[in-house]
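Below you'll find the structure, written out as structure tokens, and then a few comments.
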Protein chains: 2
Amino acid sequence: MPDTAKKPSKADLRREDLRARLIDIAETRIRDEGLPAIKARELAREADCAVGAIYNVFPDLNGLIMAVNGRTFQSLGKVVAASVAAAPQNAPQAELITMSHAYLRFAAENTNLWRALFDLEMSTEMDVPQWYLAELGKLFALIAAPLARVFPNYTRHELELMTRALFSSVHGIVLLGLQKRISGVPLDKIEDMIAILLSNVTSQA
Amino acid sequence: MPDTAKKPSKADLRREDLRARLIDIAETRIRDEGLPAIKARELAREADCAVGAIYNVFPDLNGLIMAVNGRTFQSLGKVVAASVAAAPQNAPQAELITMSHAYLRFAAENTNLWRALFDLEMSTEMDVPQWYLAELGKLFALIAAPLARVFPNYTRHELELMTRALFSSVHGIVLLGLQKRISGVPLDKIEDMIAILLSNVTSQA
DNA sequence: AGGCTAGTCTGAACCTCGTTCAATGAGGTT
DNA sequence: AACCTCATTGAACGAGGTTCAGACTAGCCT
């Protein structure tokens, strides 16, 4: 028997339990009230532990938020992947639009969680964790596949550039579109913007 | 004689002087060290006034940052407008690319100031001030003009949608492009992404 | 000039946070 | 049971934005 993971001692179990509980609580709080609702004392009260206990399980509150972001990123990936799987289009343009609309939908329905994904990135110029880039890579791969069919004679390099460009574009449209319902754009207009943009980009002359 | 602005009393002058001084200091600090470098006590020390004095001149630190953002937004507008004026292209596609590259350049050279423009928006869900929308409107107008020549039979509505979509797209590309030199994209690759995107969008089949 | 009033200016004090750490206590080992 | 080890606790620390009662001016009236 390999004993690399040998003792799930009682303490370890408690630790894992607390960790999971904190992530759940933080996720709910971010979903409902946004990142600023993550306060050490409130989390401790709700998780029924001491403030210091949080720091036994996470290096700091950012660490906790990153854990939530991990979950969010995975949900996002699943939703986008599912959108194409559910409605198999043979036209790659349609696939791109479907995925983008799924992205918009996810962002609109989970605005605070989705924002947290990018807000942390900015404030702390720390090293991006592995899984972050990995998840982003998965998203990119989803985009690159239909794109390769639209532009069959792009080099690998051009394709990658286009993938980034399109992802960033859709991200930008969603970001500014969701910002401020004031002076703002209703959801279906945002959908239209994405569709028009993608149609035009992918309509080879 | 209209006396709507009748008394520039000594107190008013001091107030205006302090206000201007604070904006200068804040601008420099944001430019050099980003938004988190805006601390009441440090500002007061550097401006040689009491902490409380700041609150006589601005409602809070956000108000000060908004004042800096006002300046930044104007510079940005000027730079973008100047870019097309300097190199008068007759092809509207080229104009769009020129302006977008000017936008990228400004964002790259004044990253912290440029970020402050959008970071505040997010954190405080307050009412967007007049001039903010006005400046944004000016930017949109700059884009809409060449765009109208590319798509002469778009309705006013479609044109507006397209304008927003393109601005948001370029913004997204710049935003994600400048984020993290790590795993990142060098400036001229970002330029390429913008150019490719805009070319494809504006090449009518 | 001498006061009187309506402000401004001051900075100590208040409050809210994230984070730490000496003291406590529980788990596991002999 | 006695001992050692390490997790856990929560009061205390430091940093930051904001406030406010008192000190202080500047302009104005007599």
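Remember, predicted model here, so these are calculated numbers, not experimental data. Throughout, protein chains are lettered first and strands after them, A, B, ... in sequence-line order, and every chain is numbered starting at 1.
Applying a 4.0 Å cut-off to non-hydrogen atoms, the residues of residues 43-56 of chain A that approach DNA chain C are A:Tyr55, listed by residue number.
The shortest side-chain heavy-atom distance between A:His171 and A:Phe118 falls under the 4.5 Å cut-off. Taking 4.5 Å as the limit, every side-chain heavy atom of A:Phe106 sits out of range of all side-chain heavy atoms of A:Val80.
The separation between A:Leu22 atom CG and C:dG18 atom P is 13 Å, rounded to whole Å. Rounded to whole Å, the distance from CZ on A:Arg14 to C1' on C:dG25 is 11 Å. In this structure, B:Arg41 places its CZ atom 13 Å from P of C:dG11, rounding to the nearest Å. The CZ atom of A:Arg19 sits 18 Å away from the C1' atom of D:dT8 (whole-angstrom rounding). Rounded to a whole Å, the CG atom of B:Asn62 is 11 Å from the P atom of D:dG17. Residue A:Asp60 contributes atom CG, which lies 13 Å from atom C1' of C:dT20 at whole-angstrom precision.
A salt bridge is defined here as a Lys NZ or Arg NE, NH1 or NH2 lying under 4.0 Å from an Asp or Glu carboxylate O, and A:Glu191 with A:Arg105 fails to meet this definition.
Within the 4.0 angstrom heavy-atom criterion, no nucleotide atom of any strand lies near A:Leu64. Note on A:Leu18: nothing from the nucleic acid sits closer than 4.0 angstrom, heavy atoms only.
Comparing B:Leu61 and A:Val57, the nucleotide of DNA chain D nearest to each residue sits closer to the 5' end for A:Val57.
Residue A:Ser83 comes nearest to A:Thr98 through the heavy atom pair O-CG2, 3.6 Å, listed as atom of the first residue, atom of the second, then distance.
No donor-acceptor distance shorter than 3.5 angstrom exists from the side chain of A:Gln93 to the backbone of A:Ser199, with no hydrogens or angles considered.
The ring pair (Phe, Tyr, Trp, His ring centres under 6.0 Å) analysis of residues 58-77 of chain B, with sequence neighbours excluded, yields the pairs B:Phe73-B:Tyr132.
Phosphate contact (OP1/OP2 of C:dT8, side-chain N/O of B:Arg15, threshold under 4.0 Å): present.
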